[in-house]
There are 2 protein chains.
Amino acid sequence: MAAARSSYHHGGLREALVQAGLAMSRDRGAEAIVLREATRRVGVTARAAYRHFADRDALVRAVAEEALARMARTIEAKQKEKQAEAGGGLAMLRGVGEGYIQFALDEPGWFDVAFFAMADMVNPTAATRSPYQQLHDALADLVSAELLDPAKAADAAVTCWSGVHGFATLTSRGPLRGLPRERVDAHAERLVADLVDAVAGADRRSG
Amino acid sequence: MAAARSSYHHGGLREALVQAGLAMSRDRGAEAIVLREATRRVGVTARAAYRHFADRDALVRAVAEEALARMARTIEAKQKEKQAEAGGGLAMLRGVGEGYIQFALDEPGWFDVAFFAMADMVNPTAATRSPYQQLHDALADLVSAELLDPAKAADAAVTCWSGVHGFATLTSRGPLRGLPRERVDAHAERLVADLVDAVAGADRRSG
DNA sequence: ACTTGGATGTACACACCGTAGACTTTCGGC
DNA sequence: GCCGAAAGTCTACGGTGTGTACATCCAAGT
């Protein structure tokens, strides 16, 4: 069922094409995903792809969903790591931010593709756990722990997402991509700490 | 000299192609810039473009530079507006943030293209005034006014740029693009205020 | 066991894109 | 007025997304 057939019926074309797409986009991002090349790698005619995807864009979206899922896994791992060294809801939120950024830096191409899937991510479409949902869960925990005013949760989400996404974009494929990794990591840690502080420390400061 | 000639020599092909590129990218961003279509609009053979641009990418970069210049003008206008209602260096910094975001929302396509030019923007390449430089100038003013610790200026730049760029990306062409404009504007104002406060208010809070 | 229908791939074709080499027209300086 | 360089044209090649028509395979039903 999973192995490559020697003739005619492939057996798992859709999945194979997504894998090919992941390989292509890993280095040079979403625009490097080309349908014909994907079919070529899999060993099938170009037109065969259209049995599984309406058009190239549908392939890209499928690849994007997989990339997004991997991103979510990176975040989850980061959260576990941080929770171990210093627990609490704040650590979970920091994990989202740092995991988000780490994925963008480690896999800039996939981060670029994943952004496509984020477009439909806010709605409950995706069954997979998404970074957006991970952010919301972390903020919800903070609300439960009375570290965050429920009325300010939505604003907090926007603030955190914006800061982290902007930093990730600028440093992974943007103008700041030239910076040495250690310097970027230092910036990231401070940035995330500031964001978490601004969001969850608001009650303490201004009441 | 600037008007379109009736035959053979165009007179200002380079500029005309950039204009065509701006028109094409206005709605659908950088990937909508197609070299052949540009030459077609200008009324010239495809190959003619190569007298002025090494390849398509060079065209895109040229368009990006123009888009970036327009962005800078939007920011400048915003700064003048804000400075009138409530002066001070803080108003200048707020102007950068709000102008940046406003441009992204008003001209999402050009914002997308402009990002290409930002890549080479940090270096002193561009003669034109860039948003990055406007940000740095505003922060420098704050340092002069002793509202910002010089040692923290670099961090402040990263924090502001990340927050504003992320928000602009998410709301102009990203997952948050569906939000009604008034809501986005409200978020933007608060976000920028928070950023400015976090950056220039740090001394007051933590000393 | 044999047919049969729907899913899956194939063959071929088309328009469009970026780009290259060789040729032609025009412009500016002597 | 000539002539070299600059600016555009013509033709062509490989690559891409996508459409129409056909071939093949698998599984179910009698």
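Below, chain A is the first sequence line, B the second, and so on; all start at residue 1. The structure displayed is predicted, hence computed values, not measured ones.
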Taking CZ in A/Phe53 as the centre, count heavy atoms belonging to other residues, nucleotides or ligands within less than 6.0 Å. Is the count above 12?
yes

Among D/dT18, D/dG17, C/dG18, which is the nearest nucleotide to the side chain of A/Val34?
D/dG17

Quick check for you: among D/dG8, C/dC17, D/dG17, whose closest atom lies nearest to any side-chain atom of B/Arg51?
D/dG8

Has the side chain of A/Trp110 got a donor or acceptor atom that lies under 3.5 Å from a matching backbone atom of A/Leu22?
yes

Reckon B/Arg36 touches a base, only the sugar-phosphate, or nothing at all at heavy-atom distances under 4.0 Å?
base

Once pairs are restricted to Watson-Crick or G-U wobble with both distances under 3.5 Å, how does DNA chain D read as a dot-bracket string, [ ] for crossings and | for other-strand pairs?
||||||||||||||||||||||||||||||

Name the residue from A/Leu90, A/Leu139, A/Asp155, A/Leu147 that meets the side chain to side chain contact (heavy atoms under 4.5 Å, CB included) definition with A/Val199.
A/Leu139

Closer than 3.5 angstrom, by distance alone: can the side chain of B/Gln102 be matched with the main-chain N or O of B/Thr74 as a donor-acceptor pair?
no

Candidate nucleotides C/dG18, D/dG17, D/dG8, ranked by approach to the side chain of B/Arg56 - the nearest:
C/dG18

Between D/dT16 atom C1' and A/Ile33 atom CD1, what is the distance in whole Å?
15 Å

Round to a whole Å and report the spacing from CG of A/Asp55 to C1' of C/dC16.
17 Å

Given D/dG19, C/dG21, D/dT18, which nucleotide is nearest the side-chain atoms of A/Arg47?
D/dG19

How is A/Arg40 classified with respect to the nucleic acid when contacts are heavy atoms under 4.0 Å: base, sugar-phosphate, or nothing?
sugar-phosphate

If you measure from the Lys or Arg side-chain nitrogens to the Asp or Glu carboxylate oxygens, is any gap between A/Arg26 and A/Asp112 under 4.0 Å?
no

D/dG17 P sits how many Å from B/Glu31 CD, rounded?
13 Å

Taking CZ from B/Phe53 and C1' from D/dA7, how many angstroms apart are they, rounded to a whole number?
14 Å

Does C/dG9 have OP1 or OP2 under 4.0 Å away from a side-chain N or O of A/His52?
yes

Measure the distance from CD on B/Glu37 to P on C/dA15 and round it to the nearest whole Å.
17 Å

Charged N to carboxylate O below 4.0 Å: is that the case for A/Glu66 and A/Arg70?
yes

If you only use heavy atoms from C-beta on, which nucleotide in C/dC17, D/dG8, D/dT16 is closest to the side chain of B/Val44?
D/dG8

Examine C/dA20: is either OP1 or OP2 under 4.0 Å from a nitrogen or oxygen in the side chain of B/Tyr50? Give yes or no.
no

CG of A/Leu13 versus P of C/dT8: gap in Å, rounded?
9 Å

Under a 4.0 Å N-O cut-off, is there an ion pair linking A/Arg40 with A/Glu37?
yes

